[in-house]
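Keep in mind it's a predicted model, so treat the numbers as computed, not measured. Reminder, nothing fancy here: chain letters follow the sequence lines and each chain counts from 1.
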Protein chains: 2
Amino acid sequence: MIKEPKHDPKKCTQHIMAVHDAMYILNGRWKISIIASLCFNTLRFTDLLREVEGISGKMLSRELKNLEENQLVTRTVLNTQPITVEYQLTEYGHTLKEVIDSLAKWGYNHRKKITGKE
Amino acid sequence: MIKEPKHDPKKCTQHIMAVHDAMYILNGRWKISIIASLCFNTLRFTDLLREVEGISGKMLSRELKNLEENQLVTRTVLNTQPITVEYQLTEYGHTLKEVIDSLAKWGYNHRKKITGKE
DNA sequence: TGTTACAGTTACTTTTAGTAATCAGCTGAC
DNA sequence: GTCAGCTGATTACTAAAAGTAACTGTAACA
């Protein structure tokens with residue numbers, strides 16, 4: 001007996017594949033948090049180290065490189081003393097804002113559910 | 001000199017924290033893909049093994065347990081021969097649909113950008 | 001001269017994930 | 001009756017990823 005699918009299997013597969021593609025870029029524990037932090041402000045390395053809770057210098061450095069390679073973030077060395085480096089979302093990086101916002105919304109509600117508080 | 005923030009720092013922190021909370025639940029390479037697969041259909045263990053591209057039995061088993069603990073998925077043993085086990089999103093699991101959809105949308109556009117094809 | 005801040009990097013350890021084999025219960029074929 | 005195959009896993013072993021803490025080098029500050 002051939003199963004009658006409840007939904008268009010082609011659309012399902014496309015949907016699942018698209019999620020897979022997105023997660024391939026956003027893989028690892030830190031990228032989404034880094035992007036979320038950069039959604040509001042341009043930040044320096046040390047700022048990010050403070051904002052992204054729990055990340056180490058090594059991982060931050062590595063993840064930023066990867067985000068730069070994928071054209072989601074730009075790195076700008078400023079001519080200050082000591083030198084400072086600014087990271088900011090590219091225009092393309094900002095297209096992730098919707099994803100970040102829906103995650104934030106869910107996370108916010110989840111915290112309410114778990115703690116029972118506002 | 002105290003920096004004048006461009007945005008409400010309280011709201012920023014809340015936003016970033018909310019994303020952090022969401023990612024704490026959705027951590028690892030597989031959970032989001034599993035949830036995406038279950039968005040459309042109830043699926044059996046073996047179905048998921050096929051649908052979630054690249055996952056191993058060990059990881060699938062582990063991730064499903066974790067999702068069950070977090071009340072995003074239910075596990076139902078059916079009285080068939082051989083026994084089959086159905087996994088489905090809980091009502092709470094379905095609240096992630098918006099997240100999944102925005103990821104799918106982004107992933108779909110990203111693929112277009114990279115391949116230049118539809 | 002010693003301390004601090006900047007943006008990382010390096011060597012080493014721990015954790016997590018991947019691979020492939022195996023388990024147990026049952027069916028149907030030979 | 002026993003062998004292969006399906007179900008949903010689990011186990012031992014290996015490889016990859018992430019975490020930790022120390023360190024680099026430049027320059028301002030005290």
A.B. asks: Judged by modelled atom types alone, do B:S102 and A:S102 share a side-chain donor-acceptor pair under 3.5 Å?
C.D. replies: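 Judged by distance alone, the side chains do pair up.
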A.B. asks: Is the ring pair A:H15/B:F40 parallel, tilted or perpendicular, if the boundaries are 30 and 60 degrees?
C.D. replies: perpendicular
A.B. asks: Taking the side chain of B:R44 as heavy atoms from C-beta outward, which of D:dA9, D:dT7, C:dC26 is closest to it?
C.D. replies: D:dT7
A.B. asks: Answer yes or no: does a side-chain N or O of B:R75 lie under 4.0 Å from OP1 or OP2 of D:dA9?
C.D. replies: yes
A.B. asks: Return the value, rounded to whole Å, for the distance between atom CG of B:L49 and atom P of D:dA9.
C.D. replies: 11 Å
A.B. asks: Is a donor from one side chain sitting under 3.5 angstrom from an acceptor on the other, for A:Y24 and B:H110?
C.D. replies: no
A.B. asks: If you check the B:R29 side chain, which of D:dA9, C:dG18, C:dC6 turns out closest?
C.D. replies: C:dG18
A.B. asks: Starting at atom CD1 of B:I83, determine the distance to atom P of C:dC23, rounded to an integer number of angstrom.
C.D. replies: 18 Å
A.B. asks: Consider the side chain of B:W30, meaning its heavy atoms from C-beta on, and name the nucleotide among C:dG18, C:dA17, C:dT9 that approaches it most closely.
C.D. replies: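 In terms of side-chain proximity for B:W30, the closest of C:dG18, C:dA17, C:dT9 is C:dG18.
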A.B. asks: Judged by each residue's nearest nucleotide on DNA chain D, which is more toward the 5′ side, A:M59 or A:P82?
C.D. replies: A:M59
A.B. asks: Closest approach to the side chain of A:Q81, judged atom by atom: which nucleotide of C:dG8, D:dA28, D:dT10 is it?
C.D. replies: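 Looking only at side-chain atoms, A:Q81 lies closest to D:dA28.
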A.B. asks: In whole angstrom, give the distance that lies between atom CD of B:E63 and atom C1' of D:dT10.
C.D. replies: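 Value for this atom pair: 16 Å.
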A.B. asks: Does a distance-only test, which skips hydrogens and angles, find a donor-acceptor pair under 3.5 Å between the side chain of B:K58 and the base of C:dG18?
C.D. replies: yes
A.B. asks: Specify the separation, in whole Å, of atom CG of B:L43 and atom C1' of D:dA9.
C.D. replies: 17 Å
A.B. asks: Under 4.0 Å between a side-chain nitrogen and a carboxylate oxygen: does that hold for B:E63 and B:K31?
C.D. replies: yes
A.B. asks: Could you check whether A:T84 gets within reach of a base, just the sugar-phosphate, or nothing at all, counting any heavy atom under 4.0 Å?
C.D. replies: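 Counting heavy atoms under 4.0 Å across all strands, the contact made by A:T84 is with sugar-phosphate only.
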A.B. asks: Can you identify which nucleotide, out of C:dT9, D:dT7, D:dG19, has its nearest atom closest to the A:S61 side chain?
C.D. replies: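 Among C:dT9, D:dT7, D:dG19, the one nearest the side chain of A:S61 is C:dT9.
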A.B. asks: Rounded to whole Å, please give me the gap between CG in A:L64 and P in D:dA18.
C.D. replies: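 About 14 Å, once rounded to whole Å.
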A.B. asks: Looking only at heavy atoms, what is the nearest atom pair of B:S37 and B:L43, with distance?
C.D. replies: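 For B:S37 and B:L43, the tightest heavy-atom pair comes out as O-CD1, 3.7 Å.
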A.B. asks: Check the distance between C:dA17's P and B:L60's CG and give it to me in whole angstrom.
C.D. replies: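 B:L60 atom CG is separated from C:dA17 atom P by 13 Å.
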A.B. asks: A:K31 NZ to D:dA17 C1': how many Å, rounded?
C.D. replies: 11 Å
A.B. asks: How many whole angstroms separate atom CG of A:N27 from atom P of C:dA17?
C.D. replies: 12 Å
